[in-house]
Student: 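Before I ask anything, here is the structure I am working with.
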Amino acid sequence: MPPASRLIAHLDMDAFYASVELLRRPELRGRAVVVGGSRARAARFEDGHWPRLGDYAGRGVVTTATYEARARGIHSGMGLMKAAALAPDAVLLPADFDEYRRLSRAFKEAVAELAPAIEDRGIDEIYIDLSAEARAHEPLGHDPLGGARALAQDIRNNVRAATGLSCSIGLAPNKLLAKIGSDLEKPGGLTVLTAADVPQRIWPLPVRRINGIGPKAGARLDALGVQTIGDLAACAPDWLVEHFGRTQGLWMHRSAHGLDDRPVVTHSDPVSMSRETTFERDLHPRHDREQLGALFTRLCEQVAADLQRKGWVGRTIGIKLRFDDFRTVTRDLTIELPTADAALIRRAGGLCLKRVSLNRRLRLLGVRVGTLSRADAQPPRPRPKRPLPVPSPAPADAPLTQTLPLFPDES
DNA sequence: TCTGGGGTCCTAGGACCC
DNA sequence: TCTGGGGTCCTAGGACCC
């Protein structure tokens, strides 16, 4: 039985964090504003000036920028220092995630009043399955896309009324095209795409506009002479499979032709929870041992608190380290019974840490708990015991630190 | 003065069991 | 002595997304 045709919307809030900031600081409208650097001191209007991006010194990246700042070449993910070189006079505001989460809940509730089949895709975007709503128009002989367009308008108006914020919506037969569509007429766009529009409107776009083709795949395709989605659509599936493997190659081919049958998933359980922090300055595993140990303990307490607050426990405890050369390593350890206990997580994390040779300064430390189950569920049958992994021997050229106790232990 | 923090999913090898 | 598979779990790394 062929699946009935669907109507999917992708809704994306316009420059979300920056727009939230403008909501409470309307005098900044029209100016280049950058949100980022959560450690930046609270932004205040002082001595006739807002904090200047050009005065910032430190690590941190741009989280969002207003369209005025984007016009200067600033985009999210860019280092704040690089952004400061492009627009030193831009206003820099620290991120206020509590406020963003509050407005995120508000816009999603406003959508749910009109269309409840929502897939959460993070703080500022969602997919909505409008198939049922669209079908309700058909028996009346309405043009289904006309009805859908009107419904999308209603959704946008409801979001605006509830939050004061604007969003862009893509309407299409699947998630892939809806997502591309919501980005085509930003900000404030409402874009309808059908399968018939693919050659005209999708094929001229760069391959990177396909959600799932990132920097690496994009560069590899480019090196193979494939720049646009149309180029990709013209590639033989076998040739793509040869270069990218069966799964990814076939997926690329289908995507380039606008095909995607992923459902809108309205509920999902978390897989892991983590906390990590990049230090203000790189820390030395030996000289800064105490500070590292204290930070490590704090991260474990934060993950534990997150788990407890949300009612989850986990069996796989992992750590993540990033060295000053940006090399990243992870280690994890699966324990018998799931936990949300900070001291237990700390101890397991300490064992993981012993399997890393610490021969460079560190810039980041993280703690993760995975293989989650509900805290109120029957405790799962303990897994058969495995021998504890033997810490891998330090390489011959490892420095002395390897043989010393690493971080202060509570034992 | 490069490069955040919180996630998901995939791959691949080895252990271990049947 | 050598030769098999399949399935699941665990671990490490990497790509990607918001």
Side-chain angles (χ1 to χ4, degrees), chain A residues 10 12-13 15-17 35-40 54-64 75-86 94-95 97 100-101 104 119-127 175 179 182-183 208-220 244-248 251 262 265 268-282 299 302-303 306 310 315-336 351-352 355-356 363-372 383-390 392:
Chain A
H10 181 259
D12 197 316
M13 299 299 288
F16 185 55
Y17 300 170
V35 176
S38 51
R39 270 191 284 266
D55 293 338
Y56 182 81
R59 297 193 140 144
V61 297
V62 174
T63 308
T64 327
H75 52 84
S76 48
M78 176 181 279
L80 280 174
M81 288 312 184
K82 192 173 170 191
L86 289 172
F97 286 99
Y100 308 151
R101 271 189 290 267
S104 178
E119 175 175 334
D120 223 303
R121 293 305 300 184
I123 199 156
D124 69 342
E125 61 182 74
I126 54 175
Y127 288 104
K175 288 162 74 168
K179 167 84 175 168
S182 70
D183 198 48
R208 287 289 312 274
R209 299 289 272 278
I210 293 175
N211 193 245
I213 296 185
K216 300 288 178 174
R220 284 178 64 197
F244 293 93
R246 184 150 192 90
T247 308
Q248 206 189 3
W251 167 78
R262 291 170 301 162
V265 177
S268 66
D269 287 334
V271 170
S272 68
M273 293 187 197
S274 67
R275 286 291 189 126
E276 65 183 52
T277 183
T278 296
F279 316 133
E280 314 248 8
R281 59 170 184 92
D282 296 340
L299 290 169
Q302 288 172 336
V303 189
D306 293 341
K310 297 175 182 162
R315 287 181 54 229
T316 305
I317 318 293
I319 60 161
K320 169 168 155 183
L321 306 179
R322 176 123 72 212
F323 296 101
D324 55 2
D325 60 358
F326 227 69
R327 192 169 54 95
T328 304
V329 305
T330 62
R331 294 291 181 270
D332 60 49
L333 171 61
T334 301
I335 57 180
E336 255 186 90
L351 290 176
C352 290
R355 314 209 301 259
V356 185
R363 66 174 287 136
L364 172 149
L365 181 59
V367 176
R368 196 177 76 92
V369 177
T371 322
L372 302 183
R383 318 295 299 190
K385 218 174 196 144
R386 280 173 185 263
L388 263 188
V390 181
S392 55

Student: Nearest-Å distance, CZ (A:Arg262) to C1' (C:dC16)?
Tutor: 13 Å
Student: Start at the 5' end of DNA chain B and walk down; is the nucleotide closest to A:Val62 or to A:Val271 reached first?
Tutor: A:Val62
Student: Quick one: which of C:dC18, C:dC16, C:dG13 gets closest to the side chain of A:Ala217?
Tutor: C:dC16
Student: Does OP1 or OP2 of B:dT8 have a side-chain N or O of A:Ser272 closer than 4.0 Å?
Tutor: yes
Student: Would you call the rings of A:Tyr17 and A:Tyr100 parallel, tilted or perpendicular, where under 30° means parallel and over 60° means perpendicular?
Tutor: parallel
Student: Grab the CG-P distance between A:Asp269 and B:dC9 for me, whole Å please.
Tutor: 11 Å
Student: Whole angstroms only, please: what is the NZ-P distance between A:Lys175 and C:dC17?
Tutor: 14 Å
Student: Closest approach to the side chain of A:Asp332, judged atom by atom: which nucleotide of B:dT11, C:dT11, B:dG5 is it?
Tutor: C:dT11
Student: Tell me what A:Lys216 touches on the nucleic acid: a base, only sugar-phosphate, or nothing, going by heavy atoms under 4.0 Å.
Tutor: sugar-phosphate
Student: Contact class for A:Met273 (heavy atom, under 4.0 Å): base, sugar-phosphate, or nothing?
Tutor: sugar-phosphate
Student: Tell me the interatomic distance from A:Leu372, atom CG, to B:dG6, atom C1', rounded to whole angstroms.
Tutor: 13 Å
Student: Starting the side chain at C-beta, find the nucleotide from B:dG6, B:dG4, C:dG13 nearest to A:Arg331.
Tutor: C:dG13
Student: From C-beta outward on A:Lys179, which listed nucleotide comes closest to its side chain: C:dA15, C:dA12, C:dC18?
Tutor: C:dC18
Student: So do A:Asp12 and A:Ser182 actually touch side chain to side chain, heavy atoms under 4.5 Å?
Tutor: yes
Student: Using the C1' atom as the reference point in each nucleotide, state the distance between C:dG4 and B:dC16 in Å, no decimals.
Tutor: 16 Å
Student: Compare the minimum distances between each of B:dG6, C:dG13, C:dT11 and the side chain of A:Arg275, then state the nucleotide with the smallest one.
Tutor: B:dG6
Student: Can you measure A:Leu365 atom CG to B:dG5 atom P for me and round it to whole angstrom units?
Tutor: 11 Å
Student: Does the side chain of A:Phe323 come within less than 4.5 Å of A:Val329's, by heavy atoms?
Tutor: yes
Student: Distance check needed: C:dT11 P versus A:Arg368 CZ, whole Å only.
Tutor: 11 Å
Student: Is the charged tip of A:Arg322 near the ring of A:Phe326: under 6.0 Å from the six-membered ring centre and within 45° of its axis?
Tutor: yes
Student: Among A:Arg262, A:Lys175, A:Lys179, which residue satisfies the salt bridge (Lys or Arg N to Asp or Glu O under 4.0 Å) criterion with A:Glu119?
Tutor: A:Lys175
Student: Using a heavy-atom cut-off of 4.0 Å across all strands, would you classify A:Ile213 as base, sugar-phosphate, or nothing?
Tutor: sugar-phosphate
Student: For A:Gly79 and A:Lys320, find the nucleotide of DNA chain B closest to each by heavy atoms; which residue's nucleotide sits nearer the 5' end?
Tutor: A:Gly79
Student: By the 4.0 Å heavy-atom rule, please label A:Thr247 as base, sugar-phosphate, or nothing.
Tutor: sugar-phosphate
Student: With respect to the side chain of A:Phe326, which nucleotide from B:dT3, C:dC16, B:dG6 is positioned closest?
Tutor: B:dT3
Student: Using whole Å, what does the distance between atom P of nucleotide B:dG5 and atom CZ of A:Arg363 come to?
Tutor: 9 Å
Student: Distance check: side-chain N/O of A:Arg281 vs OP1/OP2 of B:dT1, anything under 4.0 Å?
Tutor: no
Student: Quick one, A:Thr316 with A:Val369, criterion side chain to side chain contact (heavy atoms under 4.5 Å, CB included). Give me CA distance, side-chain angles, the key distance, then yes/no.
Tutor: CA-CA 6 Å; A:Thr316 305; A:Val369 177; over 6 Å; no
Student: Looking at A:Arg315, does any N or O in its side chain come under 4.0 Å of the phosphate oxygens OP1/OP2 on C:dC10?
Tutor: yes
Student: With sugar-phosphate meaning primed atoms plus P, OP1 and OP2, does A:Glu125 contact a base, only sugar-phosphate, or nothing at under 4.0 Å between heavy atoms?
Tutor: sugar-phosphate
Student: Look only at the side chain of A:Ser274 and the backbone of A:Arg368, and say whether a donor-acceptor pair between them is shorter than 3.5 Å.
Tutor: no
Student: Of the candidate nucleotides C:dC10, B:dT3, B:dG5, which contains the atom at the shortest distance from the side chain of A:Thr278?
Tutor: B:dG5
Student: Is a donor from one side chain sitting under 3.5 angstrom from an acceptor on the other, for A:Arg315 and A:Thr334?
Tutor: no
Student: Determine which bases of DNA chain C form Watson-Crick or G-U wobble pairs with both distances under 3.5 Å, and write the result as a 5' to 3' dot-bracket string with | for other-strand partners.
Tutor: ....||||||||||||||
Student: Consider the side chain of A:Thr334, meaning its heavy atoms from C-beta on, and name the nucleotide among C:dT11, C:dC16, B:dG7 that approaches it most closely.
Tutor: C:dT11
Student: Could you check how far CG of A:Leu80 sits from C1' of B:dT3, rounded to whole Å?
Tutor: 11 Å
Student: What nucleotide among C:dG13, C:dT11, B:dG7 has an atom nearest to a side-chain atom of A:Thr330?
Tutor: C:dG13
Student: Please walk me through it: do A:Arg363 and A:Thr278 pass side chain to side chain donor-acceptor pair (under 3.5 Å)?
Tutor: CA-CA 6 Å; A:Arg363 66 174 287 136; A:Thr278 296; 5.2 Å; no
Student: So which nucleotide from B:dG4, C:dG13, B:dT8 ends up closest to the side chain of A:Pro270?
Tutor: B:dT8
